[in-house]
Amino acid sequence: MLLIDIVRRALRSLLNAKTRTILTAFAIAVGAFALTLTLGASNGAKLYVNKIISDNFDPTSLIVASGRSVFDRTDTSTPQEYDDRYGSVTTQLGTTTQVKRLNDADIERIKGVEGVANVREATSVGLKYITRPGLRKYVATLQSYNPAQRPDILAGTIADPLKAKTIILPEAFLSSLGFSSAQDAIGKQVTLAVQKQLSQAALQSSVASALSGQPGGGAATQAPAAELKEESYTIAAVSKKPSSIQSATALYLYANADDTKALNDYTTEGTSNYHTYSFAYAQVADGANQTNMDATQKRLEKLGYGVQSIIQTQQFLTQLVTVLQGIVTAFGLIAVVASVFGIVNTMYISVLQRTREIGLMKALGMRRKDVGRLFRFEAALIGFLGGALGAAAAVGLGTALNPWIAAQLSLGGQNLLVFQADQIVLLVLALMAVATIAGLMPARKASRLNPIEALRTE
Amino acid sequence: MITVESLNKTYGKKDNIFQALKDISFVIPDRQTTAIIGKSGSGKSTLMHIMSGLDHPTSGTVTVNGTNLFTMKSKEMDKFRANEMSFIFQAFFVEANQTCYENVMLPLEIARVPISKRRKMVMTALKAVELESKAQNFAATLSGGQKQRLAIARAIVNKPSIVFADEPTGNLDSTTGEKVIKLLFGLNHVLGCTIVLVTHDHDLAARCQQQISLKDGEIISMHTTPVAHHTNRKVGA
Ligand SMILES: Nc1ncnc2c1ncn2[C@@H]1O[C@H](COP(=O)(O)OP(=O)(O)OP(=O)(O)O)[C@@H](O)[C@H]1O
Ligand SMILES: [Mg+2]
């Protein structure tokens, strides 16, 4: 038989048993539906992670810290060794940790490493408050702006580098600071206040003088706490509220590196944190080339620094997505496996019902090979039908629900489900292959029927 | 030429053994019409099935044009069946849920006849059995006699050189039966087909050149009436 005759006959046989065909295809459709959604979600998650990364990090930069522990702080079950070189001991979520920070000597050392183009210290200043004349004061965090970051901007423009004494204001501050809109805020002034931290020495002396009851000690106790500086900044741009996954950074203000550094120096002067950084960004020369990135990372690690690349961060972020994806995929695969039995069953029934027809075709000289093909095609068509129906339903539903899901998860304009035609085509082809395999045994049975015995059945 | 040599066919095993054919031998020359007669259960259908290679004998051989059917590879056998012979079954076996056109086209599909040639061949075969007006009707809607004619159209569509017809008139009234018989003899006259038919009708058998009578699986008589004008005819003329 010619291929076209086989396809036509397989199609007709499916049409003659519509209900059976549809019910069998339905099981595959469920699998196709789940798998299409998984693929869509995984595409969406990948794009989303990439967007977060590109919004916040420069992919050609390495994050360098004093040691791995900065990245792997999660293990709080074993005691952390105290290191004299690092003074500061902080309490985070009820656990006391010693944060080992980089100092200026480290920065110089990192700059000297082969492959490092430039180094930028990550500075973060806890502001006393941000305010405008006549309005309430609000606490805030000021970060140094990384030119590789590309936050979504509601209004204004970001110069590269960010101009001195200008800031990027997050959308969330607008109404608190008395702006009617993002546009309204551009070019307006805000007041940032920073306070000198008490050095250990200053604290001790003030406490000692207070205890000794010396006259004039009172003034000494007051002085350090009151040392406050206010500076005026112009709003250069207003950034859009980031998606929920970045909620920790939602209220970050950004100023250029020099301004941030100056404020940081002011607040930390005299403390052990003065001129130290929890980490730094080392930009790699020709970092688009992964081998350069890897080689530089190795060199930095050799010096004892903890180094993490964006790729690793990306991997970490995708891990969670991968787990969820695995669960949905498992469901999809279970549905596909279950549908295999459905197809085997349906095809056996089809062979039984058409025993006489098969006998006739064989009596008329139809080749065994062709009889087998006829039934394998029938199975493949069921696979196609189920796959196409399931995928179409998933794409339809996904496209319809995308805006709602994106709003619920506040994904910041990014769709959760991103469907790719080539993936769906591959999926449908794979399901057709699975269905064909399921049809192998019934097809074999049909091709092996003895024509005379087959014709004798009523 | 079909040569049948000492055919035996037994069904069942041990206590339940039944010998349907006992030491059958005969020769059918090309372009001859042969009638196989005998009572119900005498083994006529069994013999026809074995002669056409559909069934295997317990022992003995069937040779068609010098080739032993039962040593043929299954692929060659399929080719032979698709291109050289056709079989009209006692129970017609037309596909009820397909149109007459599709029923008749089946042998052409199996023989991989190019699509462009099929239409003409199908319509010629349907016209020969006077069913051309029913081409697009489903076979289920046909009367018994029409189904039998449809089965004949299907048997002749690919111009086989041997036609086996198992009681082609068994289900027909005498007028329709006569039409069918004329058609078959016409095939023999026009195309030079070898025709082997099974019948209970002695008048019909007498119109064939050879009569083979079976009783309980044995040949009880064999009669040949040579007809001169048939031997000069060319195949496909
Ligand atoms: N598969 C089988 N198993 C057992 N016995 C069989 C089988 N096929 C045929 N027979 C027996 O072989 C004998 C011959 O059957 P066959 O069908 O050849 O008869 P027939 O001459 O064609 O009869 P009819 O004129 O009724 O068609 C019968 O007794 C039948 O019961
Ligand atoms: Mg019979």
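Values reported hereafter were calculated over all heavy atoms of this structure, with side chains retained and with hydrogens, waters and symmetry mates removed.
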| query | Does some side-chain heavy atom of A:Phe33 sit less than 4.5 Å from a side-chain heavy atom of A:Leu397? | reply | yes
Non-hydrogen atoms of chain B under 4.5 Å away: do they reach the side chain of [X], the backbone, both or neither?
| X | answer |
| --- | --- |
| A:Lys369 | neither |
| A:Ile6 | neither |
| A:Leu360 | side chain |
| A:Arg368 | backbone |
| A:Asp5 | both |

Is [X] in contact with chain A via its backbone, its side chain, both, or neither, using a 4.5 Å heavy-atom distance?
| X | value |
| --- | --- |
| B:Met77 | neither |
| B:Gln98 | side chain |
| B:Glu95 | side chain |

Please round to the nearest 0.5 Å and tell me the distance separating atom [atom1] of [X] and atom [atom2] of [Y].
| X | Y | atom1 | atom2 | value |
| --- | --- | --- | --- | --- |
| A:Leu333 | A:Leu35 | CG | CG | 5.5 Å |
| A:Leu352 | A:Met347 | CG | CE | 11.5 Å |
| B:Glu167 | B:Ile36 | CD | CD1 | 11.0 Å |

| field | side chain to side chain contact (heavy atoms under 4.5 Å, CB included) between B:Thr34 and B:Ile2, intermediate numbers included | value | CA-CA 11 Å; B:Thr34 303; B:Ile2 306 170; over 6 Å; no
| Side-chain H-bond candidate by donor/acceptor type, B:Asn68 with B:Thr61, under 3.5 Å |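 No, no side-chain donor-acceptor contact under 3.5 Å.
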| said: Within the 3.5 Å criterion, strictly below it, is a donor on B:Ser59 or B:Asn8 matched to an acceptor on the partner's side chain? | reply: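 Side-chain D/A pair, B:Ser59 to B:Asn8: present.
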| said: One thing to verify: whether B:Lys75 and B:Asp78 come together as a salt bridge, which I'm taking to mean a side-chain N less than 4.0 angstrom from a carboxylate O. | reply: no
| Sidechain N-carboxylate O distance under 4.0 Å for A:Arg354, A:Glu378 | yes
| task | Can you check whether anything in residues 118-157 of chain B gets within less than 4.5 Å of chain A, heavy-atom wise, and list it by number? | result |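 Result: B:Arg118, B:Arg154.
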| task | Measure up the B:His49 and B:Phe89 rings against each other and bin them: parallel (under 30°), tilted (30 to 60°), perpendicular (over 60°). | result | tilted
